[in-house]
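Take a look at the structure below.
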2 protein chains.
Amino acid sequence: MSRSNPRVLSTLERAGGFASAQEVYRLMQREGESIGLTTVYRSLQSLVNDKIVDVLRRDDGEAIYRLCGDAHHHHLVCKNCGDTVEIEGGAIEKWAKVMAEEHGFREVGHTAEIFGLCSKC
Amino acid sequence: MSRSNPRVLSTLERAGGFASAQEVYRLMQREGESIGLTTVYRSLQSLVNDKIVDVLRRDDGEAIYRLCGDAHHHHLVCKNCGDTVEIEGGAIEKWAKVMAEEHGFREVGHTAEIFGLCSKC
DNA sequence: ATGGAAATGAAAATCATTTTCATTTGTGAT
DNA sequence: ATCACAAATGAAAATGATTTTCATTTCCAT
């Protein structure tokens with residue numbers, strides 16, 4: 001088994017929020033780091049095993065990773081111009097927790113996004 | 001644009017619960033139906049557009065489809081066994097509305113899902 | 001019957017992810 | 001320093017779901 005390459009973790013941190021393996025890889029390339037895509041995948045997997053990062057799925061099926069326990073935020077996206085606002089999701093956190101408990105679920109996470117037309121569009 | 005092949009919907013119904021495109025296809029084959037994989041994908045997509053079926057992602061990233069209940073609801077999904085509970089999202093609706101207003105967004109919609117380990121897993 | 005639009009499906013293309021495998025690197029013993 | 005061996009690395013091939021292409025077939029309205 002392989003252990004995580006520390007540069008992968010540090011890049012994921014720097015990405016803030018979510019990032020896919022491909023994105024982490026591209027980011028490292030752009031920053032001149034020499035690393036193979038395979039190693040990025042392996043490192044992320046290992047971080048997931050160690051419960052250092054969470055993994056989710058985007059709507060398109062791509063896996064996205066995020067530091068565990070990271071205070072996370074949600075997005076308000078304009079469906080016309082793509083403009084995005086980071087918003088706070090305290091209400092969601094509470095809702096997710098309550099719903100999960102109500103149904104006996106553990107180790108819960110969630111995704112939530114709002115989309116609409118921004119004031120300019 | 002293409003419309004859904006009715007046999008796809010009927011097969012998905014018969015499958016009860018969730019089924020992936022590949023599973024619907026295999027099921028139809030086993031039952032002697034003559035249909036192409038492409039048509040299965042197209043039909044499922046079209047059913048999703050028409051909000052007749054829901055689509056989720058398995059842990060491995062494969063898309064799974066299921067007949068929609070009626071009202072707008074959210075999902076509590078077990079990331080191990082895929083078991084799913086439909087939950088009510090009143091809190092989310094309110095949150096989305098408030099956040100959108102706060103930032104001057106109109107015509108808002110949202111997505112939200114909770115995932116974790118169910119009591120059996 | 002006739003023409004055009006929609007539906008179909010086989011095969012190729014795409015794309016994320018995993019596997020293979022040969023090479024490199026790190027480490028501990030001598 | 002040298003040898004030996006395990007772990008890490010990454011390029012390239014394999015995998016598998018999904019999408020696209022495109023030629024053909026089916027449907028309908030005239």
Side-chain angles (χ1 to χ4, degrees), chain A residues 1-12 15 17-67 109 111, chain B residues 1-13 15 17-67 77 79-82 84 111 113 115:
Chain A
M1 203 167 302
S2 82
R3 223 157 298 132
S4 163
N5 181 315
R7 289 176 296 153
V8 170
L9 178 53
S10 118
T11 304
L12 183 57
F18 287 104
S20 70
Q22 304 278 348
E23 284 163 359
V24 168
Y25 175 65
R26 268 178 254 134
L27 204 60
M28 294 181 78
Q29 295 248 302
R30 228 176 290 136
E31 292 174 354
E33 301 251 27
S34 163
I35 196 165
L37 182 56
T38 313
T39 300
V40 173
Y41 272 105
R42 272 196 289 240
S43 293
L44 288 172
Q45 255 170 337
S46 151
L47 289 168
V48 170
N49 285 341
D50 298 349
K51 301 202 195 303
I52 294 169
V53 314
D54 270 344
V55 58
L56 293 181
R57 291 275 169 185
R58 277 214 200 102
D59 259 10
D60 66 355
E62 195 172 351
I64 48 181
Y65 304 83
R66 168 188 75 173
L67 277 178
T111 55
Chain B
M1 204 166 301
S2 83
R3 223 157 298 133
S4 164
N5 180 316
R7 289 175 296 151
V8 170
L9 177 54
S10 119
T11 303
L12 184 58
E13 269 171 355
F18 284 102
S20 70
Q22 304 277 349
E23 284 162 359
V24 168
Y25 175 66
R26 270 179 250 133
L27 204 61
M28 295 180 79
Q29 294 248 301
R30 229 177 288 136
E31 292 175 352
E33 300 252 26
S34 164
I35 195 164
L37 183 55
T38 312
T39 301
V40 172
Y41 272 105
R42 272 196 289 240
S43 293
L44 288 172
Q45 252 170 338
S46 151
L47 288 167
V48 169
N49 285 342
D50 297 349
K51 300 203 197 300
I52 294 169
V53 313
D54 270 346
V55 59
L56 292 181
R57 292 275 170 181
R58 280 214 197 102
D59 252 12
D60 66 357
E62 194 172 350
I64 49 182
Y65 304 84
R66 182 186 63 168
L67 280 176
V77 187
K79 45 186 172 185
N80 183 241
C81 69
T84 301
T111 56
E113 255 184 66
F115 43 86

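Letters go in sequence order (proteins before strands), and every chain restarts at 1. The model shown is predicted, which means the values in this text are computed figures rather than measured ones.
- Counting only heavy atoms from C-beta outward, the side chains of A:Val55 and B:Asp59 never approach each other to under 4.5 Å.
- For the pair B:Ile35 CD1 and C:dT8 P, the interatomic distance rounds to 7 Å; values are reported in whole Å.
- To the nearest angstrom, C1' of D:dT9 lies 14 Å from CZ of A:Arg3.
- Atom pair B:Leu44:CG and C:dA7:C1' shows a separation of 16 Å (rounding to whole Å applied).
- Put simply, the residue from B:Val24, B:Thr11, B:Val40 that forms a side chain to side chain contact (heavy atoms under 4.5 Å, CB included) with B:Ile35 is B:Val40.
- Between the CZ atom of A:Arg7 and the C1' atom of D:dT9 there is a distance of 10 Å, given to the nearest Å.
- As a whole-Å value, the separation of B:Leu56 CG from D:dA17 C1' is 17 Å.
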How would nucleotides 11-28 of chain C be written as a contact map, 5' to 3', with B for base contact, S for sugar-phosphate-only contact and - for no contact, using protein heavy atoms under 4.0 Å? B----SBBB---------
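- The shortest non-hydrogen separation linking A:Leu44 to A:Val53 is O-CG2, 4.2 Å.
- Side-chain contact check for B:Phe115 versus A:Leu56: some heavy-atom pair is nearer than 4.5 Å.
- Between B:Asn5 and C:dT8 there is a side-chain polar atom (N or O) within less than 4.0 angstrom of OP1 or OP2.
- Checked against side chain to side chain contact (heavy atoms under 4.5 Å, CB included), A:Asp54 has the following partners two or more places apart in sequence or in another chain: A:Arg66, A:Cys68.
- For A:Arg58, the side chain to side chain contact (heavy atoms under 4.5 Å, CB included) partners two or more places apart in sequence, or in a different chain, are A:Ser20, A:Glu23, A:Asp60, A:Glu62, A:Ile64.
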